[in-house]
Structures are given as structure tokens and as C-alpha cells.
Amino acid sequence: MKSEIKNQILDVLKKHIPEVSQIEDKIVIEIPKDEKLGDFSTNIAFLLTKIIKKPPVQIAGQIKDILENLPTFSKVEVAGAGFLNFFLSDNFYHSILHKAVNEGDRFGEQREKNKGKINIEFVSANPTGPLHLGHGRGAVVGKILSEIYSYTGYKVEREFYINDAGNQIRKLGESIYARFRQIEEPDYPFPEDGYHGDYIKDIAKELYLLEREKILSMLSEDDAVEFCANYGKNYLLDKIKEDLKLIDVEFDIWYSEKHLYEHGKVEEAIKFLKEKDMIYEKDGALWLKTTIYGDDKDRVIRKSDGSYTYFAGDIAYHFDKYRRGYDFIINIWGSDHHGYFPRLKAAVMSFGVPEDWIKVLFIQLVKLFKNGQEVKMSKRSGDFITLRELVEEVGKDPVIYFFASKDSDTHLNFDIDIALEKSSENPVFYVQYAHARISSVFREAKERFGIDLETDFTSQLQLLKEDAEKSIMKYIAAIPDLINEAALKNQPHKITGITYELASRFHKYYNTHKFLIEDDKELMMARLYLLKAVKNVLRTLFKIMGITPVERM
RNA sequence: GCGCCCGUAGCUCAGCUGGAUAGAGCAACGGACUUCUAAUCCGUAGGUCGCACGUUCGAAUCGUGCCGGGCGCACCA
């Protein structure tokens with residue numbers, strides 16, 4: 001909507017003030033904090049000051065005279081040192097309400113726009129254990145980011161990279177195998193740096209029941225370990241999928257690292273890079289010239305013992321993504337991997353893509369608090385607290401909302417007490433309550449007047465004159481822009497703020513106005529229409545996050 | 001030592017491609033339920049935007065330096 005307004009303003013202005021074209025890119029259209037300052041404001045006059053060499057106020061006055069008569073605006077004002085404030089006409093807002101009512105839980109979506117195809121890779125946890133809180137945060141951030149990009153018109157593929165090829169999978173196999181053997185020989189040695197979690201014992205027990213003979217009859221221990229590794233990997237991958245389902249996160253593509261090696265993808269990528277003269281040999285190892293693209297030093301991709309580094313697999317993986325033809329890709333990583341980014345970026349750039357083809361969002365640590373104390377370990381398992389444990393303790397919606405609400409690049413303190421609190425302290429309930437209240441109004445409306453949400457009613461929207469009503473309409477009108485902006489800036493956490501603000505405007509309205517008005521049916525219908533719009537917009541936002549739209553609380 | 005991130009109200013955080021008196025929630029204090037759910041609303045109080053320079057009509061926002069906290073600097077994955 002902002003861009004439509006901007007274009008409209010520019011078209012008219014250019015005819016009168018040609019200098020405007022010089023500053024076109026710098027023009028900012030924004031929604032002022034104070035509604036008295038208009039529905040939109042712009043800094044055009046300040047930008048023109050330097051070129052035209054007149055004070056901003058004077059220029060603003062000239063622009064006001066030009067734009068004032070456009071039908072989109074009811075009023076144009078000059079304010080402050082030269083701000084231009086625009087007031088939109090009622091008809092404009094009414095058309096937005098119709099959209100909100102008609103589009104259901106897909107308000108403002110631009111899926112048809114077809115802006116391009118992108119890939120978002122997230123979670124990508126090693127299948128060597130259950131998901132932890134950091135994974136959960138990454139999952140929520142990645143999911144919402146995917147949702148808002150597809151909202152704005154991108155085709156988004158969500159991908160989980162399965163690290164099923166390296167040493168840690170081997171270690172998993174050794175750990176399971178050792179626990180398996182310990183069932184019969186308690187003294188069987190456990191690998192020093194093995195996985196100690198209880199889930200390893202669970203897997204071993206399951207194997208013992210199902211495959212005891214098979215494993216014991218295997219010729220070499222190596223085979224048995226590999227068998228255990230494979231079994232464990234699949235078992236844990238299923239667990240990971242279950243855990244993700246708990247917070248409503250799903251993937252389109254599960255990409256196996258092992259697949260890269262088994263299908264010669266690594267050699268293929270290396271061959272491609274060799275042709276680009278990006279690779280050399282030194283000390284018996286193969287090196288990639290990542291310094292060309294800004295890395296601190298060149299990196300080994302094949303060790304002197306002939307095996308590939310993790311980096312090599314990752315290069316092949318991204319080479320594969322590159323050949324799938326995405327317009328750009330986004331990776332979501334734990335912040336402890338940020339030092340790894342320059343080398344991957346260099347590798348990717350050597351394929352021949354621009355620097356901003358690959359973006360990485362870093363997820364900072366999640367710290368858990370209870371009774372004012374940091375909780376580090378789970379009492380149940382003696383290990384780190386898992387995502388599943390947290391969801392079981394506080395519920396899905398608070399977990400999603402809290403993980404989603406902070407900028408991913410800042411540390412997150414998760415307070416279990418607040419998440420459990422069913423009160424004003426808890427923002428999740430605050431937004432859900434707004435939805436439940438509207439549902440409640442419509443339940444009552446059905447009983448007393450036979451009107452429900454499915455009733456196809458039109459109404460006289462010009463009756464919505466109250467400040468509270470206008471404030472809601474204005475905000476609804478702005479929401480599609482705000483979601484677009486959140487996507488563009490890779491800031492999925494903005495969605496919770498938008499939801500909260502809408503809920504807040506609604507609660508304020510609810511406390512000061514009645515909706516079911518016996519003696520003024522026209523006004524009642526207009527207000528119910530507005531509520532229906534708010535409800536749909538809330539559902540749109542809830543759907544993006546995966547929050548449940550509760551009907552009653 | 002080098003690199004990345006963070007430092008905004010007592011607490012948790014928004015705001016950061018420069019823009020109008022720096023925002024919200026919690027905590028504190030005071031109000032609003034015979035009414036469609038008070039899990040709500042209204043009000044009061046609370047700030048050298050880590051510090052210092054610089055850039056300019058204008059800096060929480062951009063630049064440089066410093067201070068404090070987190071993380072990373074493998075022929076590991």
C-alpha cells in the first residue's frame with residue numbers, strides 16, 4: 001500500500017517539480033507514531049532542500065498545494081520543520097476492511113506475485129540426539145521467515161540438511177553399540193567421547209529386542225557399529241520430525257549429506273571449481289582459494305589422508321542449491337557458527353553468484369529461567385533441556401511466541417514462570433484473548449440476533465467514526481506493508497509485535513464500546529463487520545506463526 | 001591478538017538503510033466489572049539510548065576510538 005501511495009505522489013509531483021526524480025530512491029513514506037500527524041508522512045521536502053536551496057517548510061507548502069486535491073487524501077498538512085502529513089480518505093479504509101473480511105486468514109497475501117524462488121535452510125540439527133532449545137528457536141524463526149516470504153510472493157522451499165555422513169554419526173553408532181553390548185556385558189567399554197544421553201539406551205534396548213541375533217552374528221564390529229549408526233540416525237530423525245511437529249514446523253526438502261558423497265556430488269563441485277582455477281594442492285591436501293573472496297585464509301577441502309573435510313561436503317551441498325536455480329538462499333545457523341560464514345560465502349561466490357545470493361541469519365543462545373534462576377540441565381535426563389520438555393511444560397503457543405518475539409540475533413531469556421502465567425504478563429494470552437473475545441461477541445450475536453461469522457452481511461461502514469475504530473482500520477491497512485518489510489529485512493520477530501499492536505488496539509476498543517446494540521442495528525452491523533475484519537487479520541498473523549486461534553479462554 | 005554480535009527505564013526487550021517530545025510489557029502506585037469474557041482497559045511515576053569525538057539542517061540510528069558482556073578463530077563436524 002505504501003508503494004502505491006508513493007507512486008501516486010511521485011507521478012503527480014514530477015510534473016511540477018522535476019528535481020524530484022533525483023531523490024526518488026531516498027524518499028521515505030512512513031506512518032507517524034502519533035495519529036494526529038496523519039496517516040502517512042514523508043521527508044520529501046527535506047531531501048529537496050539541498051537541490052532547490054529553499055527552506056524545507058517553503059518547499060513542503062508548495063508540495064501541499066499540488067497534492068491536496070488528489071481523491072486518495074482527505075487532507076494534506078505541513079508540520080514541524082517541513083514534514084508533509086497525509087490523511088487518507090474514508091473510502092480508502094473501507095475498501096481495506098472489505099479485503100480483510102473477504103480474504104479470511106490470508107489477508108494481504110501476494111502469493112500470486114511470483115517474485116521468484118528461494119530456499120530457506122534451517123534447524124539442520126545433527127541426527128544424534130533430540131532437539132534442544134536453540135534448535136527450537138531456529139525452527140520457529142525459519143518457519144516464520146518462510147511464511148512471510150511466501151506471503152510477499154516468493155516461492156519458498158524449506159530445507160533441512162541432514163548431517164549423516166561424518167564422524168559424529170560414527171560416534172552415534174559406537175555409543176549405541178556399546179549400550180547394546182552392555183545389556184549382556186555391563187562392563188563393555190563405552191567410547192570416551194560417546195553420546196551419554198538416556199535416549200541412546202532406549203535405542204539400544206529397541207535394537208536388542210528387534211535385531212539381537214542379526215547384530216551379534218555380524219562378522220566385524222565395524223559392520224555392527226554401522227548398522228547401529230544407521231538405525232539410530234533414522235530413529236532420531238523420526239524423533240526430530242515429531243519434535244518439530246510439536247511447534248508446527250514442517251519441511252519441503254530433507255537433504256542428506258551422505259547422498260552428496262554417494263552420488264559423486266563432491267567430486268562434481270571440485271571439478272567445477274578446478275576449472276575456475278579456485279583449487280590448488282599443498283602439503284598433500286587440496287585447498288580452496290577462499291581468500292580471493294575475503295576469507296582470512298585458504299581452506300582445506302581434501303585432507304592429506306585423502307578424506308574430505310566437512311567444508312567440502314558443504315560446498316557440494318551449496319553447489320547443488322546453486323544449480324537448483326534459486327534467486328537467493330537463506331541459511332539459519334547457531335551464532336557459534338558465524339566464523340564459518342566467510343569461507344562458505346567465498347566458496348559460493350566462486351560459483352559466480354553475487355555476494356547477496358546467500359544470506360545467513362544467526363540465532364543467539366536461549367537461556368532458560370525458572371524462579372529467577374537459570375536452569376541449565378534437565379532434571380529428568382540429567383542432560384540439556386530438550387525442546388520437547390519445554391513444550392510439554394509450558395505448551396506450544398508460548399514456546400512459539402517467545403522464540404519468535406525477539407530479534408534472532410540477540411540473546412533470549414526464556415522465563416518459564418511467565419510462559420506459564422495466565423495473565424497480563426503473558427503476551428501470548430493477550431493476543432489470543434483478543435481473538436477469543438471476538439469469537440465470544442459473535443457467539444452472543446448469533447444467540448440474540450442470529451448473526452454469525454458465516455453470515456454474509458454488508459453494512460454502512462461510514463458509521464465507523466470513532467477514534468478507536470479508525471485506529472484499527474488504519475493499522476489493518478498498514479499490516480501487509482509491515483509484513484513485507486519484516487520479510488525484506490529478514491526480521492521475522494516483527495510479526496509478534498504487529499500481532500500485539502493489533503490486539504492492543506482491539507482491546508482498547510472493546511473496553512470503551514459496545515457491539516451488540518439493540519436499538520441501532522445499523523451501527524451494530526458496521527461494528528460487527530469491523531470485528532470480523534480484525535478476527536481475520538489476527539488469524540492471518542497466527543497462521544504465519546503457528547499460534548492457535550482459540551475460540552474461548 | 002583478529003573477527004562477528006550485543007550494551008536503550010529497576011527487569012525483559014522494541015525502535016537502528018538519520019527525521020518530529022526515545023516506546024511497550026513486567027515490576028511500583030492510583031482508578032474502571034448490575035454490561036458482548038477484567039487473561040482487559042485508563043492514569044501516575046520511571047531514561048546521561050555504555051563513554052568520547054566526528055559526519056550535518058538533524059544522531060539511539062552512520063563513522064572512528066575506548067569500556068563492558070557473549071561467541072568464534074582446525075587437514076572437527
Side-chain angles (χ1 to χ4, degrees), chain A residues 25-26 28 30 32-34 37 41-43 46-47 49-50 55-56 79-83 85 126 128 163 165-171 257 282-287 296-297 299-314 334-342 362 364-365 367 369 372 402 405-407 409-415 418 421-434 436-445 447-448 488-489 491 493-494 496-497 500-501 503-504 506-517 524 527-528 531 552-553:
Chain A
D25 300 339
K26 289 184 186 167
V28 176
E30 62 172 12
K33 291 164 205 158
D34 186 344
L37 300 174
S41 69
T42 176
N43 59 346
F46 295 101
L47 298 171
T49 295
K50 283 180 191 164
F83 285 95
N85 299 333
N126 290 343
T128 54
N163 297 129
N167 289 340
Q168 80 279 37
I169 288 290
R170 168 93 197 165
K171 216 187 296 169
E257 182 186 4
K282 195 182 87 182
D283 306 331
L286 225 49
W287 298 70
D296 297 337
K297 55 180 189 177
R299 306 289 174 172
V300 170
I301 52 179
R302 197 180 66 205
K303 299 177 240 175
S304 48
D305 69 3
S307 64
Y308 291 110
T309 58
Y310 176 82
F311 185 40
D314 221 9
S335 63
D336 53 344
H337 290 89
H338 72 254
Y340 180 74
F341 185 47
F362 293 102
Q364 297 279 357
L365 282 176
K367 282 186 184 173
F369 286 84
F402 277 77
S405 62
K406 308 276 154 67
D407 189 340
D409 215 348
T410 62
H411 294 268
L412 173 69
N413 290 339
F414 191 108
D415 192 322
I418 290 179
E421 188 94 27
K422 297 196 169 178
S423 76
S424 54
E425 282 189 64
N426 195 333
V428 194
F429 290 103
Y430 184 87
V431 297
Q432 284 179 320
Y433 186 42
R437 270 182 152 176
I438 296 175
S439 302
S440 166
V441 170
F442 275 97
R443 274 197 298 275
E444 188 72 14
E447 198 157 300
R448 280 165 56 186
L488 217 69
K489 292 184 175 174
Q491 292 181 318
H493 75 280
K494 291 255 168 87
T496 54
Y500 194 90
E501 178 65 25
S504 164
F506 164 75
H507 282 311
K508 196 171 287 194
Y509 182 39
Y510 186 97
N511 269 275
T512 46
H513 295 78
K514 276 189 72 71
F515 310 114
L516 304 177
I517 315 156
M524 173 169 87
R527 287 183 172 172
L528 286 178
L531 291 200
R552 55 178 92 226
M553 293 173 74

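Below, chain A is the first sequence line, B the second, and so on; all start at residue 1.
Base-pairing analysis of RNA chain B finds the following stems of at least three consecutive Watson-Crick or G-U pairs, with both pairing distances under 3.5 Å: B:1-7 with B:67-73, B:10-13 with B:23-26, B:28-32 with B:40-44, B:50-54 with B:62-66.
A/K514 comes within contact range of at least one nucleobase, with a heavy-atom separation under 4.0 Å.
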Evaluation steps, side-chain contact (heavy atoms from CB on, under 4.5 Å), between A/V441 and A/L528: CA-CA 9 Å; A/V441 170; A/L528 286 178; 3.9 Å; yes
Chi angles and distances behind the side-chain contact (heavy atoms from CB on, under 4.5 Å) call for A/Y310, A/Y340: CA-CA 11 Å; A/Y310 176 82; A/Y340 180 74; 3.7 Å; yes
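A/E257 and A/N163 make their closest contact through OE1-CA, 3.2 Å (heavy atoms, listed as atom of the first residue, atom of the second, distance). A/A445 and A/L516 make their closest contact through CB-CD2, 3.7 Å (heavy atoms, listed as atom of the first residue, atom of the second, distance).
Going from atom CZ of A/F341 over to atom P of B/rC5 covers 12 Å, rounded to whole Å. As a whole-Å value, the separation of A/D407 CG from B/rC16 C1' is 11 Å. The interatomic distance linking A/Y500 (OH) with B/rU12 (P) rounds to 18 Å, in whole Å. Rounded to whole angstrom, the span from the CG atom of A/L412 across to the P atom of B/rG69 amounts to 22 Å. Rounded to whole Å, atom P of B/rC36 lies 15 Å from atom CZ of A/R552. A straight line from CD of A/E501 to C1' of B/rU40 spans 16 Å, rounded to a whole angstrom. In this structure, CD of A/E447 is placed 11 Å from C1' of B/rC36, rounded to the nearest angstrom. Protein atom CG of A/N85 is 15 Å distant from nucleotide atom P of B/rG19, rounded to whole Å.
Toward the 5′ end of RNA chain B lies the nearest nucleotide of A/H493, the other residue of the pair A/Y510 and A/H493 mapping further downstream. For A/A503 and A/A436, each mapped to the nucleotide of RNA chain B holding its nearest heavy atom, the one lying further toward the 5' end belongs to A/A436.
Within the 4.5 Å cutoff, no side-chain heavy atoms of A/Q364 are placed close to those of A/K406. Counting heavy atoms from C-beta on, the side chains of A/R299 and A/T309 never come closer than 4.5 Å.
Taking atom P in both B/rC33 and B/rA38, the straight-line distance is 12 Å, to the nearest Å. Taking atom P in both B/rG15 and B/rC57, one finds a spacing of 28 Å when rounded to whole Å. Straight-line distance between the P atoms of B/rC41 and B/rC26: roughly 8 Å, to the nearest whole Å. Comparing the same atom, P, in B/rU35 and in B/rG19 gives a spacing of 47 Å after rounding to whole Å. B/rA45 sits 39 Å from B/rC4 when the C1' atoms are compared, rounded to a whole Å. Remark: the separation of the C1' atoms in B/rC62 and B/rG18 is 7 Å, to the nearest Å. Only the C1' atoms considered, B/rC76 is 45 Å distant from B/rU55, to the nearest whole Å. Comparing B/rA27 with B/rU21, their P atoms sit 31 Å apart, to the nearest whole Å.
Here A/E447 pairs with nothing under the side-chain hydrogen bond (donor to acceptor under 3.5 Å, both in side chains) rule; sequence neighbours left out.
Syn is the classification of B/rC33, since its glycosidic angle stays within 90° of 0.
Phosphate proximity of B/rC41 to A/Y430: present, with a side-chain N or O under 4.0 Å from OP1 or OP2. Considering only side-chain N and O atoms, A/H507 lies nowhere under 4.0 angstrom from the phosphate OP1 or OP2 of B/rA32. For the OP1/OP2 pair of B/rA24 and a distance below 4.0 Å, the side-chain nitrogens and oxygens of A/S405 include no atom meeting the criterion. Taking 4.0 angstrom as the limit, A/K406 places none of its side-chain polar atoms (N or O) nearer than this to OP1 or OP2 of B/rA14.
The NE2 atom of A/H338 sits 7.5 Å away from atom CZ of A/F362, with the distance rounded to the nearest 0.5 Å.
Listed candidates were B/rA39, B/rA14, B/rC41. Nearest to the side chain of A/M553 is B/rA39. Nearest nucleotide to the side chain of A/N413, out of B/rU17, B/rU12, B/rG15: B/rU12.
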Protein-to-nucleotide contact annotation, 5' to 3' order, nucleotides 71-77 of chain B [B base; S sugar-phosphate only; - none; under 4.0 Å, heavy atom]: BS-SBSB
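Between A/F414 and A/F402, the ring planes are tilted. Angles from 30° to 60° get that label. Between A/F515 and A/F506, the ring planes lie parallel to each other; the angle is under 30°, not in the 30° to 60° tilted range.
With A/H507 as the fixed residue, the ring-ring contact (aromatic ring centres under 6.0 Å, His included) test singles out one of A/F429, A/Y500, A/Y430: A/Y430.
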